[in-house]
Amino acid sequence: MTEADDEAAAALDEFVAEGQITSVLSIIKTGKEASAYLCRAHPSLGAKYAVAKVYFGRKHRNFANDATYAGGRSIMQAIPGQVGRALKNKSEAGRKFQSALWVDREFETLFTLRDAGLDVPDVYACTEAAVLMEYVGDGSVAAPQLQHADLDPAEAEATWARLLWNIEEMLRLDVVHGDLSAYNVLAWKGRTVLIDFPQAVDPRFSDAARDLLERDIRNLGRYFERFGIDADATRRANDLWWRWKRGRP
Ligand SMILES: Nc1ncnc2c1ncn2[C@@H]1O[C@H](COP(=O)(O)OP(=O)(O)OP(=O)(O)O)[C@@H](O)[C@H]1O
Ligand SMILES: [Mg+2]
């Protein structure tokens, strides 16, 4: 086992110790900053399976993509003192702290959006290093990313409309995803599920939010071009942005 495996095992053990899962069945995918594991849920969770998304806490994560914003600046620059220095230096303490921030942001965002009825996985628990959430898929196959899903034109129209509705509702709840694309959407039996929220920004406090909103719409729209759908990202983002601004006290 590598050091990364040891860390992941320790993070997964916490969910076992807390009685949320009974075992880990397989790894679904290793991404840039985390791995997703398929777990057997404890009966108390009310589901058969769960996904544990375990963040790489130490030397294994790609920091090039750190985009947690505070007031429009990277959190790396925004935090003063010892913690700020640790983050900048990418020391082990800094990496763990960053990882805990991402877990927090992902858990909190999933919780808020799910509570409001948006299309995100239900979220069960979190620890310092991992988030435990609803598994989208069945026992033998995890839901494909939209990028790899095989939609017919009518399904594509419906999915695009549903995604735009989610983007608008998220904004109403002061959330801009910030890394949306057909890779961070799952398509499962007519369901459309948005995932991967650690970098989500709050437009009330982030100067980057307006541009991220437009980029999210543009990146998602790329997938729908093949169906002749025009994302019209700049106009749409402007429209949503001004409606959001006007709706604010
Ligand atoms: N709740 C879920 N149900 C089923 N599969 C999931 C779930 N969450 C994540 N996955 C799978 O794990 C992959 C990685 O998850 P996610 O995008 O949240 O993490 P990531 O580390 O940011 O990955 P990447 O760098 O690939 O974007 C997803 O693309 C999807 O295939
Ligand atoms: Mg992802």
Side-chain angles (χ1 to χ4, degrees), residues 4-5 7-8 11-12 15 20-21 24-41 45-68 95 98-115 118-127 129-150 159 163 166 170 175-201 212 215-216 219-220 222-223:
D5 293 334
E7 273 187 76
L12 292 162
F15 290 129
Q20 282 128 354
I21 62 170
V24 178
L25 299 171
S26 61
I27 185 157
I28 302 173
K29 194 172 172 294
T30 293
K32 289 186 300 290
E33 71 257 358
S35 291
Y37 295 85
L38 174 62
C39 307
R40 191 172 292 286
L45 230 49
K48 196 166 174 193
Y49 302 104
V51 168
K53 180 172 173 182
V54 182
Y55 282 84
F56 308 144
R58 292 190 183 158
K59 304 181 181 69
H60 314 284
R61 211 177 53 222
N62 170 11
F63 269 83
N65 191 36
D66 274 345
T68 309
R95 273 190 287 263
Q98 179 70 64
S99 186
L101 283 178
W102 286 24
V103 165
D104 251 31
R105 188 69 184 136
E106 177 137 59
F107 181 83
E108 177 193 280
T109 308
L110 285 173
F111 190 90
T112 306
L113 300 184
R114 178 76 184 187
D115 199 45
L118 270 65
D119 297 323
V120 299
D122 198 357
V123 66
Y124 305 129
C126 72
T127 64
V131 178
L132 191 67
M133 69 182 99
E134 177 191 359
Y135 169 62
V136 187
D138 64 28
S140 49
V141 255
Q145 298 168 342
L146 177 60
Q147 184 67 32
H148 305 299
D150 192 17
T159 303
L163 286 167
N166 274 275
M170 284 198 285
V175 175
V176 173
H177 185 291
D179 190 24
L180 211 47
S181 74
Y183 294 93
N184 280 332
V185 173
L186 304 178
W188 184 246
K189 297 184 173 167
R191 235 180 115 191
T192 303
V193 183
L194 288 76
I195 58 165
D196 204 0
F197 285 89
Q199 70 294 309
V201 300
L212 290 171
R215 193 180 73 179
D216 280 355
N219 285 346
L220 257 187
R222 280 211 181 93
Y223 170 81

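All ligand and atom numbering here is 1-based and tracks the order in the structure. Nothing here was measured: the structure is a model prediction, and the numbers come from that model.
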**Request:** Step by step, work out the side chain to side chain contact (heavy atoms under 4.5 Å, CB included) result for Leu113 and Val175.
**Result:** CA-CA 9 Å; Leu113 300 184; Val175 175; 4.2 Å; yes
**Message:** One pair to check against side chain to side chain contact (heavy atoms under 4.5 Å, CB included): Phe197 and Met170. What are the steps and the verdict?
**Reply:** CA-CA 12 Å; Phe197 285 89; Met170 284 198 285; 3.8 Å; yes
**Request:** Would you name the heavy atoms of Leu12 and Cys39 that are closest together and state the gap between them?
**Result:**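 In terms of heavy atoms, the two residues are closest at CD2-SG, 4.4 Å.
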Tabulation required: pairs of a nitrogen or oxygen in ligand 1 and a protein nitrogen or oxygen under 3.5 Å; columns are atom names and distance to 0.1 Å; otherwise 'none'.
from: ligand 1; atom 1: 1 (N); to: Glu134; atom 2: O; distance (Å): 2.8
from: ligand 1; atom 1: 3 (N); to: Val136; atom 2: N; distance (Å): 3.0
from: ligand 1; atom 1: 17 (O); to: Asn184; atom 2: OD1; distance (Å): 3.1
from: ligand 1; atom 1: 17 (O); to: Asp196; atom 2: OD2; distance (Å): 2.9
from: ligand 1; atom 1: 18 (O); to: Lys53; atom 2: NZ; distance (Å): 2.8
from: ligand 1; atom 1: 19 (O); to: Lys53; atom 2: NZ; distance (Å): 3.3
from: ligand 1; atom 1: 21 (O); to: Ala34; atom 2: N; distance (Å): 3.4
from: ligand 1; atom 1: 21 (O); to: Ala34; atom 2: O; distance (Å): 3.4
from: ligand 1; atom 1: 22 (O); to: Glu33; atom 2: OE2; distance (Å): 3.1
from: ligand 1; atom 1: 22 (O); to: Asp196; atom 2: OD1; distance (Å): 3.0
from: ligand 1; atom 1: 22 (O); to: Asp196; atom 2: OD2; distance (Å): 2.6
from: ligand 1; atom 1: 25 (O); to: Lys32; atom 2: N; distance (Å): 2.8
from: ligand 1; atom 1: 25 (O); to: Lys32; atom 2: NZ; distance (Å): 3.2
from: ligand 1; atom 1: 26 (O); to: Lys29; atom 2: NZ; distance (Å): 2.8
from: ligand 1; atom 1: 27 (O); to: Asp196; atom 2: OD2; distance (Å): 3.1
from: ligand 1; atom 1: 29 (O); to: Gln145; atom 2: NE2; distance (Å): 2.6

**Message:** Counting only heavy atoms from other residues, nucleotides and ligands, does the tally under 6.0 Å from OH of Tyr183 exceed 12?
**Reply:**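 Counting neighbours around OH of Tyr183, 12 or fewer heavy atoms of other residues, nucleotides or ligands fall under 6.0 Å, so no.
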**Prompt:** If we only count heavy atoms from C-beta on, is the Thr127 to Val103 side-chain gap below 4.5 Å?
**Reply:**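 A side-chain contact is absent here, since even the closest heavy-atom pair is not under 4.5 Å.
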**Prompt:** How long is the span from the CD atom in Glu106 to the CD atom in Glu33, to the nearest 0.5 Å?
**Reply:**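 Separation between the atoms: 8.5 Å.
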**Request:** Go through the steps for Gln147 and Tyr223 under the test side chain to side chain contact (heavy atoms under 4.5 Å, CB included), then give the verdict.
**Result:** CA-CA 7 Å; Gln147 184 67 32; Tyr223 170 81; 4.1 Å; yes
**Message:** Using a strict cut-off of 2.8 Å, how many protein N/O/S atoms surround the Mg ion (ligand 2)?
**Reply:**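 Counting protein N, O and S atoms closer than 2.8 Å to the Mg ion (ligand 2) gives 2.
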**Request:** Go through Val123 and Leu132 one step at a time and tell me if the side chain to side chain contact (heavy atoms under 4.5 Å, CB included) criterion holds.
**Result:** CA-CA 6 Å; Val123 66; Leu132 191 67; over 6 Å; no
**Arg191 and Glu134 ion-paired at < 4.0 Å** =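 Looking at Glu134 together with Arg191, the answer is yes, because their closest N to O distance falls below 4.0 Å.
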